[in-house]
Amino acid sequence: MADNTAGFWETPAAKVLRFRPGMQIADLDRRGTPGFVGGKTEGTRVLHERGAVLSSLQEKLHANGRSGDNRSVLLVLQGMDTAGKGGMVRHVIGHVDPQGVDHVAFGVPTEEEKRHHFLWRVTKALPRGGQLGVFDRSHYEDVLVVRVHDLVPESVWCGRYDEINQFERELVGTGTTLVKVAMFVSLDEQKSRLQERLERPDKYWKYNPGDVTERKLWPAYQDAYQAMLDKTSTDDAPWYVVSCDRKWYSRIAVSELLIHAFEGLRLEWPPADFDIDTEKRRLAES
Ligand code: AMP
Ligand code: MG
């Protein structure tokens with residue numbers, strides 16, 4: 001089953017989506033479905049089938065974590081409003097047992113967070129051993145919204161790219177596999193998603209008038225995203241660039257990137273820490 005659905009990828013997602021030096025996001029087809037040969041029907045099927053694979057891999061990581069393995073996987077989702085970060089959590093991470101997931105959404109820093117270094121709140125939110133961590137926004141906001149709105153002087157945000165690279169290198173060195181996904185929606189698709197939020201009572205809660213203000217800063221955000229990719233896609237922690245105008249595609253792409261990361265851990269089920277025959281006998285006699 002796993003092989004059939006993975007077979008819809010003519011080029012593995014981890015290869016086709018990996019940011020390559022010199023790649024320009026201005027040229028990215030945000031309705032594109034690179035690497036995948038099927039359409040929405042196949043994509044929807046693949047999402048469910050690969051969701052089951054992801055779930056089983058995560059359970060294995062969790063089981064190992066219970067036996068003292070401190071490794072973890074951290075999915076970092078960065079994207080403009082309406083790119084589909086929340087849907088990614090529901091439709092991809094939703095396949096995984098919630099007790100194995102450490103999910104954190106980063107908003108405007110609190111007063112307390114503002115008094116600390118920008119990596120302080122991120123460090124506190126890192127996944128525990130055996131867990132799949134999910135960051136809905138992340139430390140990268142500190143070189144995105146902060147850069148676009150001049151929330152700190154340029155001399156400060158400029159140094160953050162190196163600080164982030166150093167931070168992530170240490171993270172990887174201590175057993176966390178990072179899966180960094182930059183999600184790109186087009187300006188037109190964002191407009192129609194915001195329109196939907198204004199037309200449907202079940203979507204009002206997602207609408208934020210500030211999102212329309214941010215649309216005026218679209219070019220500055222695109223520049224900030226380009227700089228982020230140019231400066232922080234490292235061998236330790238590469239960026240993956242995902243087109244998000246088709247939600248079904250972005251979801252199967254991220255499923256595949258996560259499966260690739262889990263497979264890299266070469267996980268086995270932890271051995272029993274009790275004598276199996278003795279326990280079978282005791283159970284039979286009980
Ligand atoms: P949402 O993800 O739609 O709930 O919105 C969260 C908001 O928090 C976004 O507008 C982000 O730009 C903002 N945000 C997240 N991190 C930071 C940060 N470090 N500094 C300023 N604003 C931030
Ligand atoms: Mg929002």
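Order of appearance sets the numbers: ligands from 1, and atoms from 1 within every ligand.
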- request: Any atoms of ligand 1 less than 4.0 Å from a non-hydrogen atom of D81? List them with their elements.
  value: 3 (O)
message: Is there a polar contact between ligand 1 and D136, counting only N or O atoms under 3.5 Å apart?
response: no
- request: For ligand 1, indicate whether the residue V108 contacts it via side chain, backbone, both or neither (heavy-atom separation under 4.0 Å).
  value: both
field: Within the 6.0 Å centroid threshold, strictly below: F184 and Y225
entry: yes
- prompt: Less than 4.0 Å between a side-chain N and a carboxylate O, is that true for E279 and R282?
  reply: yes
Reported CZ-to-OG distance for the pair R121 and S138, which is rounded to 0.5 angstrom: 9.0 Å
- request: Using a 4.0 Å heavy-atom cut-off, say whether L144 meets ligand 1 through its side chain, its backbone, both or neither.
  value: neither
- request: Look at R50 together with E256 and state whether they make a salt bridge at an N to O cut-off of under 4.0 Å.
  value: yes
query: Closest non-hydrogen protein atom to atom 22 (N) of ligand 1, residue and atom name please, with distance?
result: V145 CG1, 3.5 Å
- request: Could you tell me which N, O or S atom of D81 is nearest to the Mg ion (ligand 2)?
  value: OD1
task: For ligand 1, note which part of N208 has a heavy atom under 4.0 Å away: side chain, backbone, both or neither.
output: neither
query: Within 4.0 Å of atom 14 (N) of ligand 1 (strictly less), any protein heavy atom?
result: yes
- request: Pull out every atom of ligand 1 sitting under 4.0 Å from any heavy atom of V146, numbered as shown with elements.
  value: 20 (N)
query: Counting N and O atoms only, with roles assigned by atom type, does the side chain of Q190 sit under 3.5 Å from a partner on the main chain of A83, one being a donor and the other an acceptor?
result: no
query: Counting both backbone and side chain atoms, is some N or O of G107 under 3.5 Å from an N or O of ligand 1?
result: yes
query: Same cluster or not: are Y140 and L28 linked, directly or through other Ile, Leu, Val, Met, Phe, Trp or Tyr residues, by side-chain heavy atoms under 4.5 angstrom apart?
result: yes
query: Starting from atom 18 (C) of ligand 1, which protein heavy atom do you reach first, and at what distance in Å?
result: P109 CD, 3.4 Å
message: For atom 19 (N) of ligand 1, tell me which residue out of D211, L77, D142 has the closest non-hydrogen atom.
response: D142
message: Less than 6.0 angstrom separating the ring centers of F106 and F135, yes or no?
response: yes
- prompt: Are the aromatic rings of F118 and H139 close, with centres under 6.0 Å apart?
  reply: no
statement: Here the atoms of ligand 1 under 4.0 Å from any heavy atom belonging to F106 are 15 (C)
Nitrogen or oxygen atoms of E141 and ligand 1 under 3.5 Å apart: yes
query: Which option, R137, E113, R121, owns the non-hydrogen atom nearest atom 5 (O) of ligand 1?
result: R137
- prompt: Can you say whether the rings of H95 and H48 are parallel (under 30°), tilted (30 to 60°) or perpendicular (over 60°)?
  reply: perpendicular
- request: Would you mind telling me if ligand 1 is within reach of the side chain of A105, the backbone, both or neither, using heavy atoms under 4.0 Å?
  value: neither
- prompt: Looking at G39 and F36, what are the two nearest heavy atoms and their distance?
  reply: O-CE2, 3.9 Å
message: I'd like to know if atom 10 (O) of ligand 1 has any protein heavy atom within a distance of less than 4.0 Å.
response: no
statement: Heavy atoms of E163 and H117 approach each other most closely as OE1-NE2, 2.6 Å
